[in-house]
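The figures that follow rest on heavy atoms only: side chains count, while hydrogens, waters and symmetry mates do not.
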Protein chains: 2
Amino acid sequence: MRATDLPQVRALELFARVSESAFDSLVQAAYLQTFPAQLELIAEGDTADFLYVVVDGCVELFAKSNGRESTIGTVHPGGTFILAAVLKDAVYLMSARTAQKSRILLIPSEDVRTAFESDEAFARSIVVELARCYRTAIKEHKDIKLRTAVERLANRLLRYHQDQGARGNVELPYDKRLIASMLGMTPENLSRAFNTLKPYGVDVQGSCVSLSDISSLTRLAKPNPLIDDRDT
Amino acid sequence: MRATDLPQVRALELFARVSESAFDSLVQAAYLQTFPAQLELIAEGDTADFLYVVVDGCVELFAKSNGRESTIGTVHPGGTFILAAVLKDAVYLMSARTAQKSRILLIPSEDVRTAFESDEAFARSIVVELARCYRTAIKEHKDIKLRTAVERLANRLLRYHQDQGARGNVELPYDKRLIASMLGMTPENLSRAFNTLKPYGVDVQGSCVSLSDISSLTRLAKPNPLIDDRDT
DNA sequence: GTGAAGGCTTGATGAACATCAAGGATTGAG
DNA sequence: CTCAATCCTTGATGTTCATCAAGCCTTCAC
């Protein structure tokens, strides 16, 4: 890794209170690489050789079975993926591909486990991150099991709306194909779900969605902090 | 906690390599209690006052939203629940009720966090357990998103079959109502799914299921170790 | 520009699953 | 044993969602 890249890596929450020596041995054998969009980084079933940390861009986690494929989630700057597999020294349960051009830090698994044992602060960061991943997964699971497709879309729109400053319109952060897969439906059905939401003030123009009746959309969505809030 | 209970608690994997002093301070303020079946232990949204460890019996984790309810998973002896909420000092995302009469250890959250910081071995056990919980959740999520209801049932039957020694029949470990909810379907549909599996050698008699054509059932189920194996 | 490719939408149809209503089977209390 | 309660099953029906097929629309290479 080049010396000029170090500050950006050091600034990641994951390394916030880590000692100099532990940080040095973590990044010493690590790679910071830029990948183009749509590149498959890992495949489910592979052994966990590296921990991946997203520095810039966005990564999609997905899984296949029986010829079907589904998106499990996305990872943003500061987030890690495949952490549990690295800690357990097990195989990956998910595949990952870049959703956009992305800068990603790869740390050899062995070094992660070593630093985990030797550095208190790193261990604590790892646990906090793992707990966050777990709770995110549980929320996703509740979303899928307790809501219909239209409700999931409505709540996701409200979330993006909040994220983007609640200005009455939303820029979809991903392809519709990817959004559909995250929400557990087909692209065709996402299209129809948008139509279903038209009477609730939802108008789609390409990747820009205007929300002209938030209160009515909210009544339909019935958002639940124990599913939709990101950091509870 | 009574002195006679200590050995059984000490023997839990979670405490395996924990120092005497850390163990003592963990159990010092802990409760070991026996609860009857169908008792609600915690409700989603509550603040995480205790870590729960199942010593005997079985606990169901479930969640509600919009008047709907769904089972997220079950916890067996040696397993914990609500670990992530305790570590993050956040609210519970799931409710829990005993599925059977159960003995459960309650450790005050504060003590868990203290022991986590002071005892290496406990910290490691916690991380391993949390990683296991996470991976279990991901597998459940893949199960739901990538399979039909009948496929989920077929794979679950094969799992129970393995667990119970592969003798060609299976004793259902829970009520059908609970199994249906775990598999993300209604009790009516579970009944029909069992009928769908009849041509594959599946015969149900109350809580006893005979599997007379494992290979044909396996062909239908298409089991996937990255979904169905418990400890990969 | 023009053509091709890929993403998105729409319609028609069918499969998967939920809901409602009723009846049968078990279980447990008295 | 008998009754009531609960759980489970079955049938009829309707909703939700996927699939297939076609067409549109944007984008990009040439």
Side-chain angles (χ1 to χ4, degrees), chain A residues 36-38 60 64-71 97 99-100 143-157 170-198 202-209 220-221, chain B residues 36-38 60 64-71 97 99-101 143-157 170-198 202-209 220-222:
Chain A
Q38 297 302 320
E60 172 195 1
K64 296 186 194 193
S65 200
N66 292 351
R68 287 161 237 170
E69 177 182 320
S70 186
T71 303
R97 68 166 78 95
Q100 318 158 0
D143 194 44
I144 283 281
K145 283 187 98 176
L146 294 167
R147 286 174 171 160
T148 66
V150 170
E151 289 171 340
R152 291 197 294 277
L153 174 58
N155 280 293
R156 194 56 63 109
L157 288 175
V170 161
E171 179 73 24
L172 295 178
Y174 315 106
D175 281 13
K176 285 180 187 162
R177 164 196 286 283
L178 177 53
I179 292 176
S181 183
M182 288 191 339
L183 297 178
M185 50 181 153
T186 58
E188 293 97 320
N189 241 304
L190 175 63
S191 219
R192 284 185 256 266
F194 271 121
N195 286 334
T196 307
L197 291 180
K198 221 168 237 168
V202 175
D203 265 286
V204 189
Q205 214 69 255
S207 69
C208 180
V209 181
L220 172 82
Chain B
Q38 296 303 319
E60 173 195 0
K64 294 186 195 193
S65 200
N66 293 349
R68 287 160 236 168
E69 176 181 320
S70 185
T71 303
R97 68 167 80 93
Q100 320 157 0
K101 181 177 169 188
D143 195 42
I144 284 281
K145 282 187 97 176
L146 293 167
R147 286 174 171 160
T148 66
V150 170
E151 288 171 341
R152 291 198 293 277
L153 175 58
N155 280 294
R156 193 58 62 111
L157 288 175
V170 161
E171 180 72 24
L172 296 178
Y174 315 105
D175 281 13
K176 285 181 187 162
R177 163 196 288 282
L178 177 54
I179 292 175
S181 182
M182 289 192 335
L183 296 178
M185 50 181 155
T186 58
E188 292 96 322
N189 241 304
L190 177 63
S191 220
R192 284 185 257 266
F194 271 122
N195 285 334
T196 306
L197 291 180
K198 220 168 237 170
V202 175
D203 265 285
V204 189
Q205 214 69 253
S207 69
C208 182
V209 181
L220 172 81
K222 296 187 228 35

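Per the geometry, CG belonging to Leu183(A) stands 11 Å off P belonging to dA18(D), to the nearest Å. Distance, Ile144(B) CD1 to dC17(D) P: 14 Å, rounded to whole Å. Computed from coordinates, the Asn66(B) CG to dT16(D) P distance equals 14 Å when rounded to whole Å.
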For each nucleotide in nucleotides 22-30 of chain C, reading 5' to 3', give B when a protein heavy atom comes within less than 4.0 Å of its base, S when such contact involves only the sugar-phosphate, and - otherwise.
---------
Across nucleotides 3-15 of chain D, 5' to 3', mark each nucleotide with B, S or - according to how protein heavy atoms within less than 4.0 Å reach it.
----SSSBBB---
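By the side-chain hydrogen bond (donor to acceptor under 3.5 Å, both in side chains) test, Thr148(A) pairs with no residue at all, sequence neighbours left out. Applying the salt bridge (Lys or Arg N to Asp or Glu O under 4.0 Å) test to Glu69(B) and every residue at least two apart in sequence or in another chain returns Lys64(B), Arg97(B).
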Solution key, residues 177-194 of chain A side-chain donor-acceptor pairs under 3.5 Å, sequence neighbours excluded:
unit_1: Ser181(A); atom_1: OG; unit_2: Thr71(A); atom_2: N; d: 2.8
unit_1: Ser181(A); atom_1: OG; unit_2: Thr71(A); atom_2: OG1; d: 2.8
unit_1: Thr186(A); atom_1: OG1; unit_2: Asn189(A); atom_2: N; d: 3.2

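Taking both residues in full, the closest heavy atoms of Ala221(A) and Asn155(A) are given as O-ND2, 3.0 Å, listed atom of the first, atom of the second, then distance.
Annotation: proximity of residues 146-157 of chain A to DNA chain C (heavy atom, distance under 4.0 Å) is found for no residue.
Here the CZ atom belonging to Arg147(A) is positioned 9.5 Å from the CZ atom belonging to Arg156(A), to the nearest 0.5 angstrom. Rounding to the nearest 0.5 Å places CZ of Arg152(B) at 13.0 Å from CG of Leu157(B).
Taking the side chain as every heavy atom from C-beta outward, Glu171(B) and Cys208(B) approach each other to under 4.5 Å. Side chains of Val150(B) and Leu197(B) form a contact here, defined as non-hydrogen atoms less than 4.5 Å apart. In this structure the side chain of Asn66(A) reaches within 4.5 angstrom of the side chain of Glu151(B), judged on heavy atoms.
A donor-acceptor pair is defined here as one N or O able to donate and one able to accept, closer than 3.5 Å; such a pair exists between the side chain of Lys176(A) and the backbone of Gly206(A).
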